[in-house]
Amino acid sequence: MATAGDIGMDTAELAALSARLEQEGAAAAIRWALDRFGSAAALACSFQDCVIVDLATRVDPGLEVVFLDTGFHFPETLQFVEEVRARYHLNLTVTHPDASAAAWPCGTSECCQRRKVEPLFRALQGKEAWLTGLKRCDASTRSNTPVLAWDQTRRMFKVNPLAAWSDDDITRYISDHDLPVHPLIAKGYLSIGCAPTTRPVRAGEDPRAGRWADSDKTECGLHT
Ligand code: SF4
């Protein structure tokens with residue numbers, strides 16, 4: 001559990017601040033985080049879309065953005081990362097797993113641990129806050145995601161400016177701001193992770209039915 005000593009506020013104050021930031025909107029939450037933490041904050045982005053990148057770089061164009069290259073991404077994802085990097089002149093950090101990851105097959109939790117969780121942990125060393133593009137609608141496991149939380153595992157603030165956004169909100173923002181779109185969206189990949197564990201979604205399926213479709217896995221461990 002978070003303590004007042006860890007975060008300089010008690011859990012009730014944290015919840016009240018989170019609620020206020022949610023009411024003020026995503027841009028206000030980002031501004032609050034970057035005013036408070038400056039270069040001690042970083043944004044972790046999956047690059048399924050670039051909405052959170054667009055919003056955050058409007059506040060601070062030099063914000064560090066972290067992409068976890070697992071070694072198993074679709075070529076289209078790596079291409080999209082480069083497109084977004086060039087468009088925003090991103091201060092981008094790309095992580096890679098260490099050699100120990102090779103021993104673990106795709107789909108195992110240790111695979112995610114070595115290719116995502118540990119590289120993110122290393123990338124966030126020395127930071128006081130990380131920002132994410134998490135949304136409550138992403139999964140039942142994310143349905144209580146607050147805009148602002150204390151990440152007890154990493155002992156830093158976690159800011160989720162898009163927590164209350166729906167998929168339609170994302171689509172509308174992309175259209176309104178003429179943002180680039182991941183090339184696999186048009187091929188039915190409505191939720192995009194690593195290639196071995198992601199398939200296109202069939203008509204009538206949940207948008208996230210294509211992730212870890214053959215297992216009961218729903219989270220990679222970054223947000224649990
Ligand atoms: S999503 Fe799948 S392939 Fe990617 S790191 Fe996790 S288990 Fe490995």
Side-chain angles (χ1 to χ4, degrees), residues 42-53 64-85 90 92-125 127 130-145 149 151-154 156 158 160 162-163 167 170 181-202 205-224:
L43 166 67
C45 184
S46 69
F47 287 85
Q48 172 168 308
D49 63 67
C50 64
V51 170
I52 188 69
V53 167
E64 182 180 359
V65 178
V66 178
F67 172 65
L68 306 175
D69 186 349
T70 63
F72 284 125
H73 285 296
F74 291 99
E76 291 89 343
T77 297
L78 302 179
Q79 172 194 325
F80 186 61
V81 170
E82 290 309 315
E83 182 182 350
V84 176
R85 184 212 292 257
L90 284 186
L92 183 69
T93 296
V94 179
T95 70
H96 302 279
D98 65 26
S100 71
W104 298 95
C106 310
T108 60
S109 46
E110 199 61 30
C111 180
C112 276
Q113 178 72 20
R114 308 281 173 132
R115 294 178 187 277
K116 291 183 176 180
V117 177
E118 291 177 4
L120 178 66
F121 206 91
R122 290 193 288 271
L124 293 179
Q125 286 297 308
K127 299 294 186 191
W130 66 302
L131 289 81
T132 84
L134 278 191
K135 306 188 300 298
R136 290 180 196 132
C137 68
D138 286 337
S140 58
T141 47
R142 299 181 182 181
S143 60
N144 293 320
T145 300
D151 181 339
Q152 182 65 13
T153 303
R154 298 174 183 83
M156 62 179 65
K158 183 176 180 182
N160 309 302
L162 307 183
D167 290 334
I170 294 289
V181 175
H182 192 303
L184 288 180
I185 299 281
K187 296 183 176 176
Y189 291 83
L190 302 187
S191 178
I192 304 166
C194 291
T197 47
T198 305
R199 65 156 172 80
V201 173
R202 301 177 193 113
E205 279 188 327
D206 182 274
R208 290 163 188 85
R211 299 289 298 281
W212 295 299
D214 299 323
S215 79
D216 55 7
K217 192 170 166 63
T218 56
E219 286 282 354
C220 57
L222 293 177
H223 303 293
T224 51

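In what follows, every heavy atom counts, from backbone to side chain, and hydrogens, waters and symmetry copies are set aside. Here the structure is a predicted model, which means the values were calculated and not measured. Just so you know, ligand 1 is whichever comes first in the structure, and atom 1 is the first atom listed for that ligand.
- Taking every non-hydrogen atom of Phe72 and a distance limit under 4.0 Å, the qualifying atoms of ligand 1 come out as 3 (S).
- In this structure a side-chain-to-backbone donor-acceptor pair under 3.5 Å is missing from Arg142 to Lys135.
- Atom 6 (Fe) of ligand 1 has an N, O or S atom of Cys112 under 2.8 Å away, backbone or side chain.
- The distance from ligand 1 to the heavy atoms of Lys116 drops below 4.0 Å at these ligand atoms: 1 (S).
- Close approach of ligand 1 to Thr108 (heavy-atom distance below 4.0 Å) involves ligand atoms 7 (S).
- Of the listed residues (Cys106, Cys194, Ala195, Ser109), the one carrying the non-hydrogen atom nearest atom 1 (S) of ligand 1 is Cys194.
- Looking at Gln48, its side chain does come within 3.5 Å of a backbone N or O of Ile192 through a donor-acceptor pair.
- No donor-acceptor pair under 3.5 Å is formed between the side chain of Asn160 and the backbone N or O of Ala163.
- Side-chain atoms of Val117 and Leu68, non-hydrogen and from C-beta on, never get closer than 4.5 Å to each other.
- Checking each of Tyr189, Phe47, Phe80, Phe67 against His73 for a ring-ring contact (aromatic ring centres under 6.0 Å, His included) leaves exactly one that passes, namely Phe67.
- Residue contacts with ligand 1 do not include Thr198, since none of its heavy atoms lies under 4.0 Å from the ligand.
- Using a cut-off of 2.8 Å, one finds that Cys111 contributes no N/O/S atom close to atom 4 (Fe) of ligand 1.
- Residue Thr197 has at least one heavy-atom neighbour below 4.0 Å for each of these atoms of ligand 1: 1 (S), 2 (Fe).
- At least one donor-acceptor pair under 3.5 Å links the side chain of Asp69 to the backbone N or O of Gly71.
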